[in-house]
Protein chains: 2
Amino acid sequence: MAFRQLGKYKHTIGYGISLAILLFILKWLQFRFVIIDHALEIYIGAIAVIFTALGIWLALKLARPKIETVVVEKEVYITPANDFATNDEELARLGLSKRELEVLQLIAEGLSNQEIAARLYVSLNTIKTHSSRIFEKLDVKRRTQAIEKAKRLNLIP
Amino acid sequence: MAFRQLGKYKHTIGYGISLAILLFILKWLQFRFVIIDHALEIYIGAIAVIFTALGIWLALKLARPKIETVVVEKEVYITPANDFATNDEELARLGLSKRELEVLQLIAEGLSNQEIAARLYVSLNTIKTHSSRIFEKLDVKRRTQAIEKAKRLNLIP
DNA sequence: ATACCGTTCATGCTTTCGGGTGATTTTTGC
DNA sequence: GCAAAAATCACCCGAAAGCATGAACGGTAT
């Protein structure tokens, strides 16, 4: 709108009005009193000072602030907690069967052989057999070594 | 020195000189030609414009540029791969001693009690004692459970 | 029909682990 | 200096794990 645009030239208008007023005052004084010629310098000096001030004021108002962008790096730690992916390649290479992997996981969870047997509805002997096979394929001597190696090789989470 | 100080008011001096010169020119023109009265406004207008410009120039020179700082946060994702940090809080809470933690770590590495004893230059009985104390404090029944819990609680890597 | 693999199960035996009990020595904190 | 905690060690014993050997069954490929 016309009013909106007006706001944009606010300072320019202010400047123009100041000038007009000053000229009017000067004209008025000229007609009211006989101005002595050597007083002209005084008026001009006053005008110069006033409009210099006005110019300064304008400059400060119109000057665009210099925008400086500061990038702050914020460190975000990613915990790959739920992002485990079985190393299928290694699994295939070692030749662990699905059942064997299942038993291995339960071993790593801290279950005893008897507890694993109960969990999988098989006999203790079956679990012992699977354990032996697992140790063989992983080339380890005991369950703790099997756990350590399986985690290292990303066979279990 | 006097010359050094002078540099500081460089612009002020320039402004003063401009004013003096202008007055001189005006005076000179006044004496050379009979100035028509209605032309006074023109001169004053010119003066106003010139000194406004001068003011603007002064402001830009003297005024410090306004700097507006915008802070942008950039997220940098860091995977703490080799950055295991022992959960000291949990350690203190559970009351595990330095030796006990040491033994726990070796258990998790897959060493047998006898092997740990040899590693730490102590007897098998000592390791068995430490194990029992560890299981007690972690409230677990066997080494595999101790390993699982210690890793979960970030007591060991 | 045969061979192979995975799964399950059994038995006997050995080794390792884990609990209980007790003691001594060293270190730490007040 | 003293009390408490930590570290170390011993012995006894049952539980659990691990090894060796063997067998049966079902599914799949040749």
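All chains are named by letter (A, B, ...) in the order of the sequence lines, taking the proteins before the strands, and each is independently numbered beginning at 1.
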If the cut-off is 4.0 Å, is B:His130 near the phosphate of D:dA7, judged by side-chain N/O to OP1 or OP2? no
Separation of B:Glu136 atom CD from C:dC17 atom P, in whole Å? 19 Å
Are any of the side-chain heavy atoms of A:Leu111 and B:Thr144 separated by less than 4.5 Å? no
For atom CG of B:Leu120 and atom C1' of D:dA6, their distance in whole Å: 15 Å
Answer with base, sugar-phosphate or nothing: what part of the nucleic acid does A:Thr129 contact at a heavy-atom distance below 4.0 Å? base
Hey, is B:Glu115 close enough to A:Lys141 for a salt bridge, meaning N to O under 4.0 Å? no
Between A:Phe135 (CZ) and D:dA20 (C1'), how many Å, whole number? 15 Å
Nearest heavy atom decides the nucleotide; on that basis, is B:Leu124 or B:Arg142 closer to the 5' end of DNA chain D? B:Leu124
Do B:Phe135 and A:Ile147 sit in the same hydrophobic cluster, where Ile, Leu, Val, Met, Phe, Trp and Tyr count as joined when their side-chain heavy atoms come under 4.5 Å apart? no
From CD1 of B:Ile127 over to P of D:dC9, roughly how many Å is that when rounded to an integer? 9 Å
Nearest-nucleotide pick for B:Ser97, side chain only, options being D:dA6, D:dC9, C:dC9: D:dA6
What's the shortest heavy-atom distance between B:Glu100 and B:Ile134, and which atoms? O-CD1, 3.2 Å
B:Asp139 atom CG, over 12 foreign heavy atoms within 6.0 Å: no
Does a side-chain N or O from A:Arg99 land closer than 4.0 Å to OP1 or OP2 of C:dT8, or not? yes
Quick one: on DNA chain D, does B:Asn125 or B:Lys128 contact a more 5' nucleotide (nearest heavy atom)? B:Asn125
B:Ala146 and B:Leu104: which non-hydrogen atoms are nearest, and at how many Å? CB-CD1, 4.1 Å
Determine whether A:Pro157 and A:Gln105 make a side-chain contact, defined as any pair of heavy atoms from C-beta on separated by less than 4.5 Å. yes
Could you tell me how far apart A:Leu94 (CG) and C:dC5 (P) are, to the nearest whole angstrom? 17 Å
Rounded distance in Å - CZ (B:Arg133) to P (D:dA5): 10 Å
Between C:dT8, C:dG19, D:dA10, which nucleotide gets closest to the side-chain atoms of B:Ser123? D:dA10
Rounding to a whole Å, what distance do you find between A:Lys141:NZ and C:dT16:C1'? 14 Å
B:Thr126 side chain, from C-beta outward: closest of C:dG6, D:dC9, C:dC17: D:dC9
Near DNA chain D, under 4.0 Å by heavy atom, which residues of residues 105-116 of chain B? none
Check the distance between C:dT7's C1' and A:Leu101's CG and give it to me in whole angstrom. 15 Å
